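To start, the structure under review is shown below, and the notes come after it.
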Amino acid sequence: MSPASTGASTLVGAARSVPVSDSDSRMAPGGPGYRRMSFALFLAGVATFALLYSTQALLPLISGDFGVAASEASWTVAAATGALALFVLPMSALSERYGRRTVMTASLAVAVSVGMLVPFAPSLGALVVLRAVQGAALAGLPASATAYLAEEVRPKALVTAIGLFVAGNSVGGMSGRVITGWVAQEWGWRVAVGVIGALAVACAVAFRALLPAPKHFTPGSLRPRVLVGTVRDHLGNPLLRRLYAIGALFMTVFGGVYTVIGYRLTEAPFSLPQGIVGSVFLVYLVGTVSASTAGRLVGRLGRRGALYLAGGTTAAGLLLSLAGSLVLVLLGLVLITAGFFAGHAVASSAVSRTATTGRAQASALYQSAYYVGSSVGSTVGAIAFHAGGWAGTVGVGVLAVLGVVTITLLGTRAARREALVTA
């Protein structure tokens, strides 16, 4: 019985080097091209998250500039993530036909070009439209990157490789928010997003120069009938459906918390300046560590054990953040960030291992669910904050974590039932 059919974890840690043999030409830690590939995709992750969430830490300033409420300003985040969720499946189909590296390069090129226009948006409506276009362009990155790794990296090293890509996401999200916080404090939000655009250009150029040409890619079909059939097969897989839901729920928590946290910290009783609020996002470094060590965590606890731990850590952070002490709020953010990035790395790598065909579409469906969760989290989290303060946002997050735990528990029971049937 295959691991994919049982839902049992087959993802083992690969922090140590995997010897390269003549029988498998795919990349592995210590082998040719692995470091270049890892760094290139790390930079792609940095650019993706820095651009995608470039306005999130600036929402209080954007609200003040355009005279709008938090729920309206949050659309500058929700539009980008929502467009990414909508376009990730079509972009994955293009990557099946024209290649992962080609689509990733084109996506970054368009996204960074739009990023240089964002600072000149004359109105909130124009800013939201530009952010939507940027999100649609970035849709070519996540699914193509994980499909590239699934094809070019040895299975035992896959969790670690994807974890490094996710770590790049965390560094991009952190650097984007920290940089924009301090730059905006001195020169305003428009200059801040312009600086992020320039950073993304540098990452895009380095990415294209470093990423090794694929050796195991086989072009697929662009026929809609084939694409629909592949998507139907993936959605018919109970394990994949659970992983998609888990990714969406984790991102609902994360999107809500980090969309609203700037408002909470700039208001009483904390009343922090914008630069300090931006520096709070240094806690993303915790996510860099938790994502890059996800392989070891799965190796020790199994996939479902790792997801339980990630969900529990996230829930503990949410509850701790309700405290009136700034130190405890920051500690809560640390736990939320660690739990989220670990859970995301585990779930996304499990998708890549479970899908044996149409990997780009399988990853695209995960990314689509993931960014739908981000859009829902940022919008609903802001509405909940407006209605009930920080406790309202935390309430939304706790419900999402309960969903993660429930779905994981259902997977555990399904695996046990199947094991009894086939015993």
Side-chain angles (χ1 to χ4, degrees), residues 49-81 115 118-128 130-131 134-135 172-197 253-284 321-322 324 326 329-330 332-333 336-337 374-394 396-397:
F49 257 47
L51 289 173
L52 194 61
Y53 294 100
S54 58
T55 62
Q56 195 173 56
L58 304 173
L59 291 179
L61 295 180
I62 293 173
S63 290
D65 190 15
F66 293 120
V68 297
S71 57
E72 295 175 86
S74 69
W75 277 104
T76 64
V77 179
T81 55
V118 167
F120 304 101
S123 65
L124 180 64
L127 178 59
V128 169
L130 286 173
R131 295 283 293 145
Q134 197 170 47
M174 175 206 69
S175 60
R177 291 163 172 89
V178 173
I179 292 171
T180 55
W182 285 105
V183 173
Q185 183 171 301
E186 297 297 326
W187 297 288
W189 70 267
R190 295 179 185 274
V191 175
V193 293
V195 170
I196 293 303
V253 180
F254 201 67
V257 165
Y258 278 101
T259 293
V260 171
I261 191 63
Y263 290 97
R264 188 187 187 201
L265 295 179
T266 55
E267 295 176 356
F270 304 118
S271 302
L272 299 180
Q274 187 65 44
I276 298 297
V277 171
S279 296
V280 166
F281 291 91
L282 284 169
V283 297
Y284 264 50
S321 72
L322 290 168
L326 180 60
V329 171
L330 295 179
L333 289 177
I336 292 167
T337 304
S374 178
S375 294
V376 170
S378 61
T379 302
V380 176
I383 293 172
F385 180 75
H386 180 73
W390 181 250
T393 303
V394 168
V396 171

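We use all heavy atoms of the structure for the numbers below, so side chains are in, but hydrogens, waters and symmetry mates are not. The structure presented is a predicted model; accordingly, all values stated were derived computationally and were not measured.
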Run W189 and T180 through side chain to side chain donor-acceptor pair (under 3.5 Å) and show every step you take. CA-CA 7 Å; W189 70 267; T180 55; over 6 Å; no
Might you work through the side chain to side chain contact (heavy atoms under 4.5 Å, CB included) test for F385 and S71, ending with a clear yes or no? CA-CA 9 Å; F385 180 75; S71 57; over 6 Å; no
Flag, side chain of E72 to backbone of A69, donor-acceptor distance under 3.5 Å: yes
Working for side chain to side chain donor-acceptor pair (under 3.5 Å), residues T259 and S74: CA-CA 7 Å; T259 293; S74 69; over 6 Å; no
Examine the side chains of Y258 and S378 and answer whether a donor and an acceptor come within less than 3.5 Å of each other. no
Working to the nearest 0.5 angstrom, can you tell me the gap between Q56 CD and S374 OG? 7.0 Å
Which distance, rounded to the nearest 0.5 Å, do you find between the OG1 of T55 and the CG of L61? 11.5 Å
Check: W390/S321 side-chain N/O donor and acceptor closer than 3.5 Å: yes
Heavy-atom distance under 4.5 Å between the side chains of V277 and I261, does that happen here? no
On a heavy-atom basis, which atom in P122 and which in F66 lie closest, and how many Å separate them? O-CE2, 4.0 Å
Should R190 and D65 be marked as a side chain to side chain contact (heavy atoms under 4.5 Å, CB included) after you check the CA-CA gap, both sets of side-chain angles, and the distance that decides it? CA-CA 10 Å; R190 295 179 185 274; D65 190 15; 3.7 Å; yes
Give me the atom names and distance for the closest heavy-atom approach of R131 to T76. NE-O, 2.9 Å
Side-chain heavy-atom pair L265, L326 within 4.5 angstrom cut-off: yes
Any idea which heavy atoms bring I276 and L272 closest together, and the distance? CG2-CD1, 4.0 Å
Between V68 and L124, the two heavy atoms sitting closest are CG1-CD2, 3.9 Å
Let's go through L127 and I62 carefully: what are the C-alpha distance in whole Å and the side-chain angles of both, what is the deciding distance for side chain to side chain contact (heavy atoms under 4.5 Å, CB included) to 0.1 Å, and is it a yes or a no? CA-CA 10 Å; L127 178 59; I62 293 173; 4.3 Å; yes
If you count the non-hydrogen atoms of other residues, nucleotides and ligands that lie under 6.0 Å from CZ in F120, is the total more than 12? no
Of the non-hydrogen atoms in L51 and Q134, which two are nearest, and what is the gap between them? CD2-NE2, 3.6 Å
Which distance, rounded to the nearest 0.5 Å, do you find between the CH2 of W75 and the OG1 of T379? 4.5 Å
OH (Y263) and NE2 (H386) are apart, to the nearest 0.5 Å, by 11.5 Å
Using every non-hydrogen atom in the two residues, find where L58 and A192 come nearest and quote the distance to one decimal. CD1-CB, 4.1 Å
Give, for atom CG of L52 and atom OG of S54, the distance between the pair rounded to the nearest 0.5 Å. 8.0 Å
Report yes if the side chains of L330 and V283 come closer than 4.5 Å at any heavy-atom pair, otherwise no. no
